[in-house]
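Numbers here simply count residues along the sequence, with the first being 1.
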Amino acid sequence: MRKSFTLLCLLLFFAGGLYAQSSYQIKGNVIDTAANARLMNSSVSILRAKDSTLYKFTRTAADGSFSLPNLQQGKYILLVTYPKYADYVDFFNLDSGRKEIDFKRINMTLKAKLLADVIIRGANAITIKGDTTEFNAASFKVDANAKVEDLIRQFPGIQVDKDGKITAQGQTVSKVLVDGEEFFGDDPTLVTKNLRADMVDKVQLFDKTSDQAAFTGVDDGEKAKTLNIKLKEDKKQGYFGKLDGGAGTGDFYQAQGMFNYFKGKKKFSAYGTIGNTGQTGLGWEDSNKYGAGSGNMEFTDDGGIMIFGGGGDDFEGWDGRYNGQGIPLARTGGLHFDNKWNEDKETINANYKLGSLSVRGNRNNITQNNLPDRVLNTTSDENFDNRIFRQKADAKYTLKLDSMSSLTVQADGMVKNSDSESDNFATSFNGSTLLNNNSRKLSSSGNEKQFGANLLFTKRFKKKGRTMSVNLSERISQTESNGFLNSLSNFYEENGDIDSVATINQNKVGLIKSNVFNSNLTYTEPITKSVSLVLNYGLNLNNGTSDRRSFNQGVGGAYNVLDSVFSNNFELNQTANQVGANINYNKKKTILSFGTRVTDVKFEQTDLFTNRAYNRNFTNWNPQARFTYKMSSQKSFRLNYQGNNTQPSINQIQPIRENTDPLNQVLGNPDLEPSFTNSFSGGYNSYKVLGNEYINFYGGYSFTIDPIVQNTVTNDKGASTFQSFNLRGENNSNFYGGGYVGKKLKKLDLDIGFNAYINGNTFFNMTNNALNRTRSYSYSGNLSFSQYKPKKYNFRLEAGPQYNTSQSSLQPEINNNGWSANGNASFRVYLPGKVELGSDASYNYRARTQSFNEDFERILINANLTKKFFKQENLSLVLSGNDLLNQNVGFDRRASNNLIIQNSYTTIRRYFLFSVIWDFNKMGGK
């Protein structure tokens, strides 16, 4: 790799080394002299004398000995505990005169034999209750004005990256609750970045099961790593919040504010953001909250039909997400309210969120298309300007009818307006011979409305394990679109003369409506104490219309001449009946479940233009099996199998004719049949709290029988048609495997982790009626180091190589094999005078390949300098710099079937920002 990558690693290691710990330590032996026994696994804790918070802890070895090195000088309390024995407490100092203390023999006394003494109990820092790990916030020191993410950074087995993304025991935390309730629902960092740490009593870490599994007690395999923040009772009164505003060079700016009000069980919150620095919300997940569907209809696994709005994939264009391409301007805001009353029998949780996002930029693609007899190369350049505005509201009300039954009603609605414009110019070559070029201008405006309602009734019976639930839901949506397409295509002879010209100038309008009703009845019956039967039945109804029309210009220039070839008006009606049965065995450490779902679907589609009807009846089978063996609450092994039919999409069977890209046309195949995929997966995970050690291994393999693949026919002018078909005798396949090992090195007080991953796939397609097999493999490894010292420093460094291979059977001498490397680093140092210095960096390297003969290397470095004021440090001045080396050039490479694509794009580059941050707090009567 390049010298810059090595230099970056050395600098970050050097920065961490500057703040190495002093070599103070204690040791001793824990013994019961009366029984002449050495007490193995005794808990040895060091508490800070000034506030009795936990500093460090360990367990004694088999001979009763213990050692705690790498301590700081100061005044401490030694607390030794062992079941049924009185706690041992001693005070000690570590200073320049006493760098090592040997407590020698610590004599423990059984409580039953203790005649008279004072027993001092220290709060447990960590408690394991079944599958839940509970952290006592009082045992971990937090600074003035610290947030929840500063608190949980100190918990063993939990990491928080620079963006606020939380990883616990090697898995991403997807939900953060406050007193068991969702807080804005979908953005964990709204809690961790804004809730004050001094309000927290305990933090619980667990795998949250689905609502259905939590109700029935039958594991359905759906789990989400979750943190629950339990607040102190005396902190549930008052308000707190934050205001943050900044302006910088290059007309960059950002501002955000949040207000939270608590009164007992009532919570009210509001937030707002605005900025063009690439931050689209308050948290790391918010960039995915604007999304919209594409212009297509798909069969889902349970036999349902998904109908999306728009005028076709290309015409709909932008999906409303910011993916780092272009310069964004984001404005977001939201309100949240939740409450419990009537002895907690009634609860309500409501949210309102709105946001607008506009993105402008440029994209340039280089595409290599490997054909049986030649290689086509296409370059395209696109300028885009996209805008979207969305409002969304949801509410959930739960009523406990009695001790055995409950009723939950949910409703949500969304209104969205979007506009997109793009100019695209593409040129294709066969070697040095010009084949064609195309210039297109697309513009589209869309309005979408959605409303959904859900009702869930649950009831437990007197017989333990016997339950019943009824779930009813309905969703209504409507999408309108209006836009224009202008296209000019030139096709060339071998001598460079123009062979033919194709032009398009059309107005495209669309109106899509959908009404979907779903119902599900689930019944569980305990057969024995360890065996349960789960039965379910569902009826799904789906009705909708899809009216999309193209108009050419008529007399006077008005767009009033219908182009019937590229227009359609479909009416869709579908009825699906689903039945399922599942056997669940749960005894001691073993959980086993297996069963199947069967869905019978009747689908009717009518073309109202021609009165032609298209009917399709099919049956989907979804067998599944899961096995879990729990060696302990923190160690388990699991195996899973799932099979499912994949029905061909409507666009594959009977595509809606589109001319938004004249050089690429889709043809239908009404003879398509469903494929069937078998998927196997498994894993092992282990977590040791005291040693802060976690291991996670996982892997999977899947293969598809009679896969639906594509035949691409490209003519001598470079224009292509696409048609799907079932490939007999060959299976598409995919495998993956990896592992993560993390541990704290106690002597260095350093968290380390190693991650390795491999995946590969074999996929087939046809190119100009010749079978093509593409095999792709990827191998990667990653090593990470991190350390967190409250009010002193913290750093994290991770880096590793990756090797990718991709080869097409049509052109085996041309491949896209090559090395790459990625690294990320961050640190923060707390200097005298309430000054903090922080920085983060990322490194990306792509080696040249046969397809692309240039190396790519990029280092992105951001930095910030913070000065805090007042005793509570609640006012901050921040100077930050983004992309200090000005190397943030948008770049991406990928391979798919016989296509190899390199993409470059506009993105945010160097700027400097000056910000003022004010935290205010009046909680608990303060």
Electrostatic pair D919-R196, nearest N-O below 4.0 angstrom: no
When you compare the side chain of N824 with that of D840, does any pair of heavy atoms fall below 4.5 Å? no
Among V173, L205, V160, exactly one meets side-chain contact (heavy atoms from CB on, under 4.5 Å) together with I152. Which residue is that? V160
Interatomic spacing from CZ in F135 to CG in L151 - rounded to 0.5 Å: 10.0 Å
Side-chain donor/acceptor of T907 to backbone N/O of G324, under 3.5 Å: yes
Can you confirm whether E873 sits close enough to K834 that some side-chain heavy atom of one is under 4.5 Å from a side-chain heavy atom of the other? yes
Would you compute the distance between atom CG of L875 and atom CG of L877 and round it to the nearest 0.5 angstrom? 5.5 Å
Side-chain ion pair, K225 and D207, N-O less than 4.0 Å: yes
So, does N342 use its side chain to make a donor-acceptor pair with the main chain of D344 at under 3.5 Å? no
Run the salt-bridge test on K242 and D244 with the 4.0 Å N-O cut-off and return the result as yes or no. no
Working to the nearest 0.5 angstrom, can you tell me the gap between Y239 OH and S269 OG? 14.5 Å
Gap between atom NZ of K416 and atom NZ of K449 - 0.5 Å precision: 14.0 Å
Once rounded to the nearest 0.5 Å, what's the spacing between atom CG of N864 and atom OG of S876? 10.5 Å
Mark yes or no for whether D179, through its side chain, and L231, through its backbone, hold a donor-acceptor pair below 3.5 Å. yes
Please confirm whether the ring centroid of F337 lies under 6.0 Å from the ring centroid of F268. no
Taking atom CZ of R360 as the centre, does the number of heavy atoms from other residues, nucleotides or ligands within less than 6.0 Å exceed 12? no
Can you confirm if the NZ or CZ of K459 lies within 45° of the ring axis of F461 and under 6.0 Å from the centre of its six-membered ring? yes
Check whether F869 forms a cation-pi arrangement with K867 (NZ or CZ under 6.0 Å from the six-membered ring centre, at most 45° off the ring normal). yes
F155-F140 aromatic ring centre distance below 6.0 Å: yes
Check whether N276 reaches the backbone of D251 with its side chain - one donor and one acceptor, N or O, closer than 3.5 Å. yes
Is the shortest side-chain N to carboxylate O distance from D150 to K791 below 4.0 Å? no
I'd like to know if the side chain of N536 and the backbone of L521 have a donor-acceptor N/O pair within less than 3.5 Å. no
K266, NZ atom: more than 12 neighbouring heavy atoms under 6.0 Å: no
Before accepting this row, confirm whether a basic side-chain N of the pair K230/D201 lies closer than 4.0 Å to the acidic partner's carboxylate O. no
Quick one: do R390 and L357 satisfy side-chain contact (heavy atoms from CB on, under 4.5 Å)? Show the steps, please. CA-CA 9 Å; R390 191 192 74 162; L357 179 64; over 6 Å; no
Basic-acidic side-chain contact under 4.0 Å: E346, K340: no
Considering residues, nucleotides and ligands other than K400, do more than 12 of their heavy atoms fall under 6.0 Å from its NZ? no
Just wondering, do N471 and N454 contact through their side chains at under 4.5 Å, heavy atoms? yes
